[in-house]
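Below is one structure, written out as structure tokens; comments come after it.
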Amino acid sequence: MKSRPPSEFDPVSTRVQTNGDSPRRPLRMAVDLSWLRPGGEAGGIKPFAFEYLRGLAALEADRLVLVYLTWSSSHAEVRLLARTQDELVCVRHTEAEYPVAPGYWRRNEQFIPIPPADLLLRLEVDLLYIPIGPPEFACPGIPTIVTIADLLHRDYPATLTWENNAMRETIFRYLITLCDRFQCISHHTANRLHQHFGVPLALTFCSYIPIHQRFESAGEVNLARLVAPPYFFYPANSWKHKNHETLLVAYHYYSAQSRTGPTWNLVLTGHDDERMRQIIGVAKNLGLQNRVHFLGHLPDDAFVRVWRQAGALIFPSLHEGFGIPLLEAMHFGVPILSSYEGSLSEIANNSALYADARDPVAWALAMNRLSTDETLRSDCIARGHQRLAQFSLADEIAEFRDVVVAVTAQRSFQHWHKGINADGWVEKIAILCLPASDGPLRLTLRLGVKSTAGRLEIFVGTTPFGSFDVHTGVITHIELEVNSWHRSLVLKVPEYSEEKRANYG
């Protein structure tokens, strides 16, 4: 079974109080899918998120309401995921593209193309979960769990553009200031997060991705372009770290040097984009167009057909946070040839044949060995079945549920704010995380206006506390007392404009 590092995480716990015998409402968890790309562009993180959310919803039933934050481009896909009691809020809008046609909105479905800074407070959520993308809607005082798939921009920066590297670095530095727990998809990822950013391992938890059973309900279809089995199979998007070029060079060497029998074809799947078309061009330049078959992004039923006819999974990736295809190969009884990189040896263990991902000759020799040695293939398949038995999606989701419940019950230990600039200027809406307290919390706000006088509205969560005049050149002190279970203080400048942006401090 999966080994886990000992936990030292023991923050101060302050539970939300209820009045008398009033019934407890369902836990409301916001799920930020506002950066989810449609189709297969997101790679394995999309089925991971969907399967975990389905499992969590089934486990908790009516004790949980999921509030999905969506993008108009993928809103329809998330809509299929939502249950009757769940809510959908489209918060990211692509021009001329609407999430739902007029007249077809469901109950509990909203379109907010310009969401306010205090959106999560208005939605009355207890927790924010970010499986994909940056923490754009994180709110001080609301506990946050984020999924960390990999540290690619630190481990292999050359595989990304400098703009992408800079963006990822900014996001990670922001995440570590506001997130309460980090869901890592392998211990390798948790260790890299700790080594690169100093995040304590006690704040991480490991969620493996044994989602291969989703194929059990999928049928089979006849592919428009059948490939004669057996063949090597590589399911991967065209990202540079997937190492397609090295694989094609290795396959060229394998097909040219094989002397012990007929060579296998090579089948690749993945999102059809410009870089994938460049990879197709490389295959043509190597004279492999009749031996290497690109099938694009496939639905599950067609994917099942490809898996069942595959002779071996070939996985030359330079960096992986998990490696979903490894478990899929074990599930379908397909032997594995894999690189050592990232988490791959953690997941496959002794069930795979390994080769150096940077050495095409070594890969060619390993391909020849696997395609010609039936005993080796049988041994890899048997070891794969044994290894697969160590993974359980139900157990992983149950552990994830336990973290969700624990983090929701605890006061966020990340004391941060948004809407207040480094020099004290206040934006239109500013939100502060309130610290834990054994009793009523007494606060003093010190406010001043540099030029034009104005007003400041104060809310405890979404409850109005008061509206106050703030005079030019005068320091105003506002004393307030809030109950210990309140988590967020909101300051609003009703007459805010960009011209007055620098006035409040």
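It should be emphasised that the depicted structure is a prediction, and the values quoted were computed from it without experimental measurement.
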List the steps and the verdict of side-chain hydrogen bond (donor to acceptor under 3.5 Å, both in side chains) for R383 and Q386.
CA-CA 5 Å; R383 290 177 182 272; Q386 294 172 0; 5.8 Å; no
Separation between OG (S74) and CG (L81), nearest 0.5 Å, reads 11.0 Å
Do E479 and T444 have side-chain N/O donor and acceptor atoms under 3.5 Å apart?
yes
In short, F315 meets P325 closest at the heavy-atom pair CE1-CG, 3.5 Å
Side chains of S207 and E396: do they bring a donor and an acceptor to under 3.5 Å?
no
Is there a salt bridge (charged side-chain N to carboxylate O under 4.0 Å, His left out) between D126 and R25? Walk through the geometry before answering.
CA-CA 11 Å; D126 305 299; R25 66 170 176 81; 2.8 Å; yes
With the threshold set at 4.0 Å, does a side-chain nitrogen-carboxylate oxygen contact exist between E60 and R401?
yes
R181 (side chain) donor-acceptor with L203 (main chain) under 3.5 angstrom:
yes
Are side-chain N/O atoms of Y156 and E341 paired as donor and acceptor at under 3.5 Å?
yes
Mark yes or no for whether Y174, through its side chain, and E136, through its backbone, hold a donor-acceptor pair below 3.5 Å.
no
side-chain contact (heavy atoms from CB on, under 4.5 Å), that's the test. Do I142 and L121 meet it? Break it down for me.
CA-CA 8 Å; I142 294 180; L121 294 176; 3.9 Å; yes
Charged N-O contact under 4.0 Å between E109 and R79
yes
Under the criterion side-chain contact (heavy atoms from CB on, under 4.5 Å), I'd like the reasoning laid out for I176 against F182: C-alpha separation, chi angles, the key distance, then a yes or no.
CA-CA 9 Å; I176 62 178; F182 297 83; 4.3 Å; yes
Side chains of L178 and V146 in contact at under 4.5 Å (non-hydrogen atoms)
no
Which distance, rounded to the nearest 0.5 Å, do you find between the OG of S351 and the CE of M330?
3.5 Å
Could you tell me which non-hydrogen atom of I211 sits nearest to which non-hydrogen atom of P47, and how far apart they are?
CD1-CB, 3.5 Å
Give, for atom SG of C90 and atom CD1 of I112, the distance between the pair rounded to the nearest 0.5 Å.
9.5 Å
Min side-chain heavy-atom separation P140-L432 under 4.5 Å
no
CD-CZ distance between Q85 and R63, expressed to the nearest 0.5 angstrom
11.5 Å
Non-hydrogen side-chain atoms of V31 and M29 separated by less than 4.5 Å:
yes
Tell me which one of V490, I478, T463 satisfies side-chain contact (heavy atoms from CB on, under 4.5 Å) with I458.
I478
Regarding R387 and Q390, do their side chains bring together a donor and an acceptor under 3.5 Å, going by distance alone?
no
Checking E320 against S317: is there a side-chain donor and acceptor pair closer than 3.5 Å?
yes
For the ring pair F400 and Y129, is the centre-to-centre distance below 6.0 Å?
yes
For E427 and N421, run side-chain hydrogen bond (donor to acceptor under 3.5 Å, both in side chains): C-alpha distance rounded to whole Å, both residues' side-chain angles, the deciding distance at 0.1 Å, then the answer.
CA-CA 8 Å; E427 303 286 347; N421 297 311; 3.0 Å; yes
Ignoring hydrogens and geometry beyond distance, is a side-chain donor-acceptor pair present between H153 and E169 at under 3.5 Å?
yes
Is the closest side-chain donor-acceptor distance between D32 and S34 under 3.5 Å?
yes
Is the shortest side-chain N to carboxylate O distance from D118 to K492 below 4.0 Å?
yes
Using a 3.5 Å distance criterion without hydrogens, assess whether the side chain of N191 forms a donor-acceptor pair with backbone atoms of H187.
yes
Kindly say whether I185 contributes a backbone atom to a donor-acceptor pair with the side chain of T189 at under 3.5 angstrom?
no
Are any side-chain N or O atoms of N237 and backbone N or O atoms of W239, one a donor and one an acceptor, separated by less than 3.5 Å?
no
Where do A190 and C184 come nearest, in terms of heavy atoms and distance?
CA-SG, 3.6 Å
If you take all heavy atoms of S238 and D273, which pair is closest and at what distance?
OG-OD1, 2.9 Å
Run the numbers on L491 and L445 for side-chain contact (heavy atoms from CB on, under 4.5 Å), then give the verdict.
CA-CA 10 Å; L491 310 179; L445 299 182; 3.9 Å; yes
Hey, what do you get for CG (L313) to SG (C380), rounding to the nearest 0.5 Å?
11.0 Å
For the pair F459 and F465, evaluate ring-ring contact (aromatic ring centres under 6.0 Å, His included) and give the outcome as yes or no after the intermediate values.
CA-CA 5 Å; F459 296 77; F465 180 85; over 10 Å; no
Quick check: do S339 and L344 have side-chain heavy atoms less than 4.5 Å from each other?
yes
Could you tell me whether the side chains of H75 and T70 share a donor-acceptor contact shorter than 3.5 Å?
yes
Are H212 and L388 close enough that some pair of their side-chain heavy atoms sits under 4.5 Å apart?
yes
For the residue pair W35 and W71, does the interplanar ring angle fall in the parallel (under 30°), tilted (30 to 60°) or perpendicular (over 60°) class?
tilted
So does D150 get a backbone contact from the side chain of R154, meaning a donor-acceptor N/O pair under 3.5 Å?
no
Donor-acceptor contact below 3.5 Å, side chain D86 vs main chain R83:
yes
Any side-chain heavy atom of T144 within less than 4.5 Å of one from L127?
no
Heavy atoms of T269 and P235 approach each other most closely as OG1-CA, 3.2 Å
Evaluate the side-chain proximity of L295 to L268: yes if any heavy-atom separation is below 4.5 Å, no if none is.
no
Distance-only polar pair, side chains of Q410 and D180, donor-acceptor under 3.5 Å:
no
Ring centres under 6.0 angstrom apart (F172, F197):
yes
Can you measure from NE2 (H417) to CG (L489) and round to the nearest 0.5 angstrom?
12.5 Å
R168, CZ atom: more than 12 neighbouring heavy atoms under 6.0 Å
yes
I need the single residue from I132, I45, I130 that forms a side-chain contact (heavy atoms from CB on, under 4.5 Å) with T147. Which is it?
I45
Could you go step by step and tell me if F322 and L327 meet the side-chain contact (heavy atoms from CB on, under 4.5 Å) rule?
CA-CA 10 Å; F322 183 79; L327 297 193; 3.7 Å; yes
Any carboxylate oxygen within less than 4.0 angstrom of a Lys/Arg side-chain nitrogen, looking at K46 and E77?
yes
Parallel, tilted or perpendicular: which describes the rings of H319 and H241, with under 30° parallel and over 60° perpendicular?
perpendicular
So does V460 get a backbone contact from the side chain of H486, meaning a donor-acceptor N/O pair under 3.5 Å?
no
Note, R92 side chain near L69 side chain (heavy atom, < 4.5 Å):
no
E124 backbone acceptor or donor facing R28 side chain under 3.5 Å
yes
